[in-house]
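Computed from a predicted structure; not experimentally measured. No hydrogens, no waters, no symmetry mates; every other heavy atom, side chains included, goes into these values. Residue indices begin at 1 and follow the sequence shown.
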Amino acid sequence: MELDGRKVTILKAIIKTYLETGEPVGSRTISKYSDLKLSSATIRNEMSDLEEMGYIIQPHTSAGRIPSDKGYRFYVDQLMEEKDQEMNQVQELMIQRVDRLELVLKRLVQVLASNTNYAALISAPQYHQNKLKFIQLSRVDEDKLLLVLVLEGNIIKNSMLPVRSGLSEQDILNLNILLNSTLNGLAIDEINLSAISRMKEQAGRNEDIVEAVLNRIAEAVRADAENFPIYTSGATNIFKYPELSDGDKASKLLSAFEEKDLLQELITDVNSQEERAGTGIQVYIGDEMPVQTMKDCSVVTANYMLGDGLRGTIGIIGPKRMDYDKVVSTLRNVMNQLDAAFNKPPDGEG
């Protein structure tokens, strides 16, 4: 007798249900699996075949079935093969490196949620030392200048600056020389009061333009830091844990995952705490969580680095009784893979 696809699906459903409940599993329970769409009678026939093949046993007459050692072995082997395939897919995506980074992160967060059975999130990498590479002021008309900012990573920000009439081309050239010679290569937090005062003094009657440029630089960097893509997966895994599946709690947690502002608040707060505590994997339990609606959860986070100041955050969110050892090991493995894929020197170097 052959173990076909339908039998494999039913066997997996029996084992998963038994692992969750510890009770023998009947055909009616299995028929409720939405992806099966089989009658109880059909499932009973398939279960009889699985019992005959030695994958499940019936501990008592008229009771449901439980997995045999052979059934467990099949399940574990299948599970390991599936996880290996998932990680291989991620590794293959990583090999393609930054060109498909968004695709890598979306797939990676799905794998993390699947492997841990918790909710997972990954923020796209941002430049945490937003250094200025180039500043250009160009005339648009008599009372308006175009400001072009080029930040590290070749991120370009444009904005219009209103100016007074009578600004000459020589004034604009002098401002460009002053701004670039003073600010190139600096991060926003490296522009101190002394440098600002010196620039304004050298700009003379055009000090208001220098101040306007500095304000736009601060706005551009702040907007970049506050608006970053966040990829999530496995939010509905919270329903698997009774302490989180209460209607009101579950609803608030799902809303937190749907609201980008709350997730950005979580990541921003975690990053600020990790900068004080040092790099590495951090664990936040219950009241330590920065987001109020997640106070019944724990989150394990890690920052990943992609070189040249690019940094993103990975987070696993689950109940306070989460398997911390497994989660930490999984995050370390992922960080190592990201490091190997994105930070290794190009072929022929190193």
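No donor-acceptor pair under 3.5 Å is formed between the side chain of Lys157 and the backbone N or O of Arg216. In this structure a side-chain-to-backbone donor-acceptor pair under 3.5 Å is present from Ser181 to Leu178. Between the side chain of Ser114 and the backbone N or O of Gln110 there is no donor-acceptor pair closer than 3.5 Å. In this structure, Ser123 contributes its side chain and Thr313 its backbone to a donor-acceptor pair below 3.5 Å. With hydrogens and angles ignored, the 3.5 Å screen pairs a side-chain donor or acceptor of Asn180 with a backbone N or O of Ile135. Although no hydrogens or angles enter the test, the distance criterion places a donor-acceptor pair under 3.5 Å between the side chain of Tyr118 and the main chain of Asp323. In terms of modelled atom types and a separation under 3.5 Å, the side chain of Ser31 and the main chain of Ser40 share no donor-acceptor contact.
Here the side chains of Leu19 and Ile15 are in contact, with some heavy-atom distance below 4.5 Å. Put simply, the side chain of Tyr18 does not reach to within 4.5 Å of the side chain of Thr29, judged on heavy atoms. Residues Ile56 and Val25 have side chains not in contact (no heavy-atom distance under 4.5 Å, counting atoms from C-beta outward). Contact annotation: the side chain of Val299 never approaches that of Leu121 to less than 4.5 Å [non-hydrogen atoms, C-beta and beyond]. Tyr241 places none of its side-chain heavy atoms less than 4.5 Å from the side chain of Asp296. Side chains of Val213 and Leu175 form no contact here, defined as non-hydrogen atoms less than 4.5 Å apart. At a threshold of 4.5 Å between non-hydrogen side-chain atoms, the residues Leu254 and Ile238 count as touching.
Contact record, Val210 with Ala203: CG2-CB, 3.6 Å, taken as the closest heavy-atom pair. The two residues Lys144 and Val163 make their nearest non-hydrogen contact at N-CG2, 3.7 Å. Of all heavy-atom pairs between Ala124 and Tyr231, the closest is CB-CE1, 4.3 Å. Nearest heavy-atom pair across Gln78 and Val8 is OE1-CG1, 4.1 Å. For Leu253 against Cys297, the heavy-atom pair with the smallest separation is CD2-SG, 3.6 Å. Nearest heavy-atom pair, Met335 versus Ile281, reported as atom, atom and distance to 0.1 Å: SD-CG1, 4.3 Å.
Leu331 and Ile285 end up in the same hydrophobic cluster when Ile, Leu, Val, Met, Phe, Trp and Tyr side chains are linked at under 4.5 Å. Both Met160 and Val150 sit in one connected hydrophobic cluster of ILVMFWY residues. Membership requires side-chain heavy atoms under 4.5 Å apart, directly or through other members. Leu147 and Leu173 fall into different hydrophobic clusters, where Ile, Leu, Val, Met, Phe, Trp and Tyr are joined by side-chain heavy atoms under 4.5 Å apart, directly or via other members. A chain of hydrophobic side-chain contacts below 4.5 Å, direct or via other Ile, Leu, Val, Met, Phe, Trp or Tyr residues, connects Ile122 to Val283.
For the atom pair Met199 CE and Asn206 CG, the distance stands at 12.0 Å (nearest 0.5 Å). For the atom pair CZ of Arg65 and CG of Leu11, the computed distance is 12.5 Å after rounding to the nearest 0.5 Å. Here the straight-line distance linking atom CG of Asn174 with atom OG of Ser168 works out to 7.5 Å at 0.5 Å rounding. Interatomic distance, CG of Leu145 versus CZ of Arg139, reported as 6.5 Å (0.5 Å rounding). Put simply, CG on Leu167 and CD1 on Ile172 are 5.0 Å apart, with the number rounded to the nearest 0.5 Å. Note: Leu112 CG to Ile316 CD1 = 4.5 Å, rounded to the nearest 0.5 Å.
A donor atom on one side chain and an acceptor atom on the other are not found under 3.5 Å apart for Asn333 and Thr330. Using modelled atom types, one finds no donor on one side chain facing an acceptor on the other under 3.5 Å when comparing Glu211 with Asn215.
Annotation for Glu142: atom CD counts as buried by contact number, over 12 foreign heavy atoms lying within 6.0 Å. The 12-atom threshold is not exceeded at CZ of Arg332, counting heavy atoms of other residues, nucleotides or ligands nearer than 6.0 Å. Around atom CG of Asp69, no more than 12 heavy atoms belonging to other residues, nucleotides or ligands sit under 6.0 Å away.
Only one option out of Phe74, Tyr72, Tyr75 pairs with Tyr55 in a side-chain contact (heavy atoms from CB on, under 4.5 Å); it is Phe74.
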* To do: Let me see the working for Asp49 and Glu46 under side chain to side chain contact (heavy atoms under 4.5 Å, CB included), right down to the final yes or no.
  => CA-CA 5 Å; Asp49 290 343; Glu46 295 287 6; 4.0 Å; yes

* Step-by-step side chain to side chain contact (heavy atoms under 4.5 Å, CB included) determination, Leu105 to Tyr304 -> CA-CA 12 Å; Leu105 297 180; Tyr304 66 91; 3.7 Å; yes

* To do: Begin with the C-alpha distance, continue with both residues' side-chain angles, and end with the deciding distance and a verdict on salt bridge (Lys or Arg N to Asp or Glu O under 4.0 Å) for Arg73 and Asp77.
  => CA-CA 6 Å; Arg73 170 49 57 196; Asp77 289 347; 3.0 Å; yes

* Does the pair Arg321 and Glu243 meet the rule for a salt bridge (Lys or Arg N to Asp or Glu O under 4.0 Å), with working shown? -> CA-CA 10 Å; Arg321 60 184 176 98; Glu243 63 267 44; 2.6 Å; yes

* Please assess Val300 against Gln282 for the test side chain to side chain contact (heavy atoms under 4.5 Å, CB included), listing each intermediate value before the final yes or no. => CA-CA 6 Å; Val300 183; Gln282 304 290 334; over 6 Å; no

* Begin from the C-alpha positions of Leu132 and Ile191 and carry the test side chain to side chain contact (heavy atoms under 4.5 Å, CB included) through to its verdict. => CA-CA 11 Å; Leu132 292 159; Ile191 305 173; 4.2 Å; yes

